[in-house]
2 protein chains.
Amino acid sequence: MKPTIYDVAKKAGVSIATVSKVINNTGRISEKTKNKVLKVIGSLNYQQNVIATALTGKHTYTIGLLIPDLSNLFFAELARSIEDRGNELGYNLVICSTDYNPEKEAKYIELLKRKNVDGFILASGFENTYEVEKLIEEKYPVAIVARDVPAFNVNAVCIDDFQGGYDAASCLIELGHKKIAIIARDVWSNRERIRGFRKALEDHGGIEEYEFAQFALESSVQAGKTISLEYLSSSDPPTAIFACNDLLAIGAIEAIREKNLRVPDDVSVIGFDNTVIATIIDPQLTTMAQPIQHMGREVMDLIVAEIKGEKQYKSRIVLDTKRIVRESTAQIKRKQNANKKS
Amino acid sequence: MKPTIYDVAKKAGVSIATVSKVINNTGRISEKTKNKVLKVIGSLNYQQNVIATALTGKHTYTIGLLIPDLSNLFFAELARSIEDRGNELGYNLVICSTDYNPEKEAKYIELLKRKNVDGFILASGFENTYEVEKLIEEKYPVAIVARDVPAFNVNAVCIDDFQGGYDAASCLIELGHKKIAIIARDVWSNRERIRGFRKALEDHGGIEEYEFAQFALESSVQAGKTISLEYLSSSDPPTAIFACNDLLAIGAIEAIREKNLRVPDDVSVIGFDNTVIATIIDPQLTTMAQPIQHMGREVMDLIVAEIKGEKQYKSRIVLDTKRIVRESTAQIKRKQNANKKS
DNA sequence: TTGAAAGCGATACCAC
DNA sequence: GTGGTATCGCTTTCAA
C-alpha cells in the first residue's frame, strides 16, 4: 500500500502533526527534525493524498471545464491551452462535453460539485444562465471563456464578437460585395457576430444582406454545406458568405464547388476561429482569428486567482479578433445580374 | 454550506448510519424510515460528497486519461468517445496531454495517483514501459488504447497497425506504384505500420521503397510537408506517399502542389486515421480508417470492468482498420523515367 | 518545538 | 431495524 503520514511519522519517530507541518511548511519545527522527516519521506517515497487533504477543507487542485464538444477543433485547442496553463499552475482539468445541452450542463455541474472541484471554467452554451448564477451565488469560483455573459458579474475572457462580426463583414464589403449571406448556429456569441455584421452593412449602406433563412443546427461542415446550397440555389445568389466558424465555412466552400462555382472568383468565403484547418484546406481560408492560446492562459490565470482569493473584483477580459486574409476571399468580379429592384 | 449526512440525519431524526444505508441501499431499513430519510434528502437537496466517500476506500469515479496531445484531432475525437462512454457509466475523465514526453507522463501519473483516480487509460507514448509496469504492479486498473504493448499483460484496445500498414501499401501497389515513400513519426504504432508496409512491398516484389530519410519530428502538416519536399526534390522521386497520419498526409499534398505536381495524377497519397479533415480537404484523402468511436467505447468498458473487479484476465482487443478510398490515390499514369538500374 | 486530539464526511462492523 | 463508533489520511488548535 501507499505509505501514509502515519508511516512517515512512525519511521521518523515523530508525530503525524509534525510530519504535516514539515510537508506544509507551517508552524515551527527544528531544522533537525525537519531534515529527519524529509529524509524519511524521501526513502518511503511518500506522497500526500489529495483526497484526504481536500476533506480537511483544502483544495483538490482540480478544475471542471465545461465545453460544448471536445472533438470540435476550436474547443480542443482551447482546452489544450487551458490545460497547459493549469499544468504550470498545478491544476488538473476534468473535461466535460455538453453538446450545448442544458441538462448535461446541469448534470455535470452537480457531479463536479460533489467531487469538490476548486472551480469551474465554462465555455459551454448556458443559454439559461440560471446554473451559472447559482454557482456564483454558492461562492464557487467561476470563469467564463469564449462566450460573453454581460448580464451579471462574473470572471470572463472573451473576444469582441460584435467587432469580429463587424470586421468580417467589412472585409467582404471592402472587396466590393453587395450581397452577402451569413451562416451561423444559434448561440449567443454568434448572435453578437451577426449584430456586428449587420451594423457593418448598415454603416456602409447599399449592401444587401442575403435573406437569412435559418440557423445552422450544428457547427459542422455538413450543416454549412446544406445551408449554403440553399442560398446558392436561389435565382439571385449571394456573392460572399460569412460563416461563423471555420467548419461552416468549409461547408460553404464545398457547396460552392458543388454548384460548379469557384472560390473566391465566383463567391468569397470568410470564416471565424482560425483553427488549423483554415490553412489546411484549399483555398486557404480567410477567417477571423481568435487568440485561442491567449484565451486559455488568461482564463486559467483568472480562475486560479479567484480560487486563491487574490481577487477583490471580477474581471472581464475582452480580446480582439484579427482578420486573417488568405485565399478564400477576393475582389468581386462578375457583375450581378441586373437585379436591383428599380 | 452544502448539507452533510449529519444534517440529513438530524432533520430526519435518525443516525448517520441509517442515512448512509438508505443512500447506498445496503443493510435493512424499514420502508417507513427509508421514505422519511429520502424525503429529507430531497428537501435538503443533499448530495453525497465523493471526496469523503473515496476516503473510506470507495471509488472516485474519475479516470485519468493520458494522451499525447488533446489538440490533435485524432486524440480529441478519441477522448470525446471515451468521455461519452464514461458519462454513460458514471465516470469523469481527467485529461492530460503528455506530448510524448516521458517526464510529463511520469509526473501526471504520480499526480493522478495522489488524487485517487480509479484507473488509467493510456494513449500516450510510453516508449519506456517502466511507468506502465509499475502501475500494474501496484494494482492500478490500467487500459491502453491506440497503442499496442505486446510485451506484457495489460488490458488494451488497439488496431492492427501491422495490417493497417500492409493494407495501405497494398492499396498503392495495386494502383501500379513501384516507388513508394513513407512518412512517419517515430512512435511504436508507426514502427508497426512501417513493418506492415515493408512486408507488403516484399510480398509483391519489384516494388521499391523510397529511401527512408528520417522520421517526422511531430505529427503536423508542416513536418509532413518538409519531408515530402525533400523526397520530391530528388532526381527520381516517389510516385506515391504513405503518411502515417492524416496531418502528415496533408503536408505531403501541400508539398506535391508546391512542386507543381498534381494529386493524385502525379503522386498518390494515402493517410492514416480518417479524422474529419480527411473529407474536408481537396482532394479528399484516401486513408486507413481507425474505428475511433469503437475504440473509445471498448477501452472505457474495459477499464470499468477492471475497476469493478469483474475481470479475471486481461483482455486485448484488436480492431481492424478499413481502407477508405477517396480522391488522393489513383492508378499510376506517367511512366517513370527510365531508372531501373539495369 | 512537539504532539494529543478533534474534525472533515462518509462507510461498515457490531451491538442492541 | 437501528445506531454507536472506529476508520480512512490529513490539518489544525491547543497544551505541554
Side-chain angles (χ1 to χ4, degrees), chain A residues 1-38 40-41 44-62 110-118, chain B residues 1-41 44-62 110-118 138-139 308:
Chain A
M1 281 305 291
K2 270 186 295 192
T4 71
I5 198 171
Y6 289 93
D7 300 320
V8 176
K10 188 186 292 174
K11 185 158 177 193
V14 297
S15 76
I16 59 165
T18 303
V19 176
S20 176
K21 278 170 196 150
V22 351
I23 293 170
N24 298 293
N25 228 313
T26 53
R28 21 186 83 270
I29 1 90
S30 69
E31 274 302 308
K32 201 174 136 216
T33 49
K34 180 171 172 178
N35 287 136
K36 188 171 56 181
V37 170
L38 250 21
V40 173
I41 286 178
L44 250 38
N45 191 25
Y46 166 77
Q47 309 262 143
Q48 242 176 321
N49 182 322
V50 179
I51 262 31
T53 307
L55 194 56
T56 72
K58 296 285 200 232
H59 295 163
T60 53
Y61 293 94
T62 302
E110 220 46 67
L111 193 51
L112 293 176
K113 276 186 195 170
R114 303 215 287 127
K115 294 191 177 180
N116 285 29
V117 295
D118 292 339
Chain B
M1 280 305 292
K2 271 188 295 193
T4 72
I5 199 170
Y6 290 92
D7 300 320
V8 176
K10 188 187 293 175
K11 184 158 177 193
V14 297
S15 74
I16 59 164
T18 302
V19 176
S20 176
K21 277 169 197 154
V22 350
I23 293 169
N24 298 292
N25 227 312
T26 54
R28 21 187 82 270
I29 2 88
S30 69
E31 275 302 307
K32 203 175 134 218
T33 50
K34 180 171 173 178
N35 287 136
K36 189 171 55 182
V37 170
L38 250 21
K39 193 164 296 176
V40 173
I41 286 178
L44 251 38
N45 192 23
Y46 166 76
Q47 308 264 142
Q48 243 175 318
N49 182 321
V50 179
I51 262 31
T53 307
L55 194 56
T56 72
K58 296 289 201 224
H59 295 162
T60 53
Y61 294 94
T62 301
E110 219 47 66
L111 192 53
L112 293 176
K113 276 186 194 168
R114 303 214 288 126
K115 295 192 178 181
N116 285 29
V117 295
D118 293 339
E138 294 167 337
K139 304 285 184 218
K308 293 192 171 163

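By convention in this document, chain letters (A, B, ...) are assigned in the order of the sequence lines, proteins followed by strands, and residues within each chain are numbered from 1.
Within the structure, a side-chain polar atom (N or O) of Q48(B) is placed less than 4.0 Å from OP1 or OP2 of dT11(C). Note on N24(A): a side-chain N or O is less than 4.0 Å away from OP1 or OP2 of dT11(D). Of the side-chain N and O atoms in K58(B), one or more sit less than 4.0 angstrom from OP1 or OP2 of dA12(C). For dC10(D), neither phosphate oxygen OP1 nor OP2 lies less than 4.0 angstrom from any side-chain nitrogen or oxygen of S20(A).
Looking at T60(A), its side chain never comes within 3.5 Å of a backbone N or O of A54(A) through a donor-acceptor pair. A donor-acceptor pair is defined here as one N or O able to donate and one able to accept, closer than 3.5 Å; such a pair exists between the side chain of K2(A) and the backbone of K113(B). Within the 3.5 Å criterion, the main-chain N or O of N49(A) finds a donor-acceptor partner in the side chain of T53(A). Judged by distance alone, with hydrogens and angles left aside, the side-chain atoms of R114(A) form no donor-acceptor pair with the main-chain N or O of V50(B) at under 3.5 Å.
Atom NZ in K115(A) sits roughly 15 Å away from atom P in dA10(C) (whole-Å rounding). The distance between atom CD1 of I41(B) and atom P of dA10(C), rounded to the nearest whole Å, is 10 Å. Between K113(B) atom NZ and dG9(D) atom P the separation is 16 Å, expressed in whole Å. Rounded to an integer number of Å, the gap from N35(B) CG to dT2(D) P is 11 Å. Remark: P of dC8(D) and CZ of R114(B) are 20 Å apart, rounded to the nearest angstrom. The separation between I23(A) atom CD1 and dG9(D) atom C1' is 10 Å, rounded to whole Å. We find that CG of N116(A) is positioned 14 Å from P of dC8(C), with the value rounded to whole Å. Rounding to whole angstrom units, CG of residue L55(A) and C1' of dC10(D) are separated by 8 Å.
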Sequence-aligned protein contact record of nucleotides 1-6 of chain C, with B where the base is within under 4.0 Å of a protein heavy atom and S where only the sugar-phosphate is = BBBB--

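Here T53(B) lies in heavy-atom contact (under 4.0 Å) with sugar-phosphate atoms only.
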query = Going through the distances and angles, do Q48(A) and N24(A) end up as a side-chain contact (heavy atoms from CB on, under 4.5 Å)?
reply = CA-CA 10 Å; Q48(A) 242 176 321; N24(A) 298 293; 3.7 Å; yes

task = Report the C-alpha distance between V19(B) and Y6(B) in whole Å, list the side-chain angles of each, state the deciding distance to 0.1 Å, and finish with yes or no for side-chain contact (heavy atoms from CB on, under 4.5 Å).
result = CA-CA 9 Å; V19(B) 176; Y6(B) 290 92; over 6 Å; no

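For the residue pair T62(B) and K115(A), a side-chain donor N or O sits within less than 3.5 Å of a side-chain acceptor on the partner.
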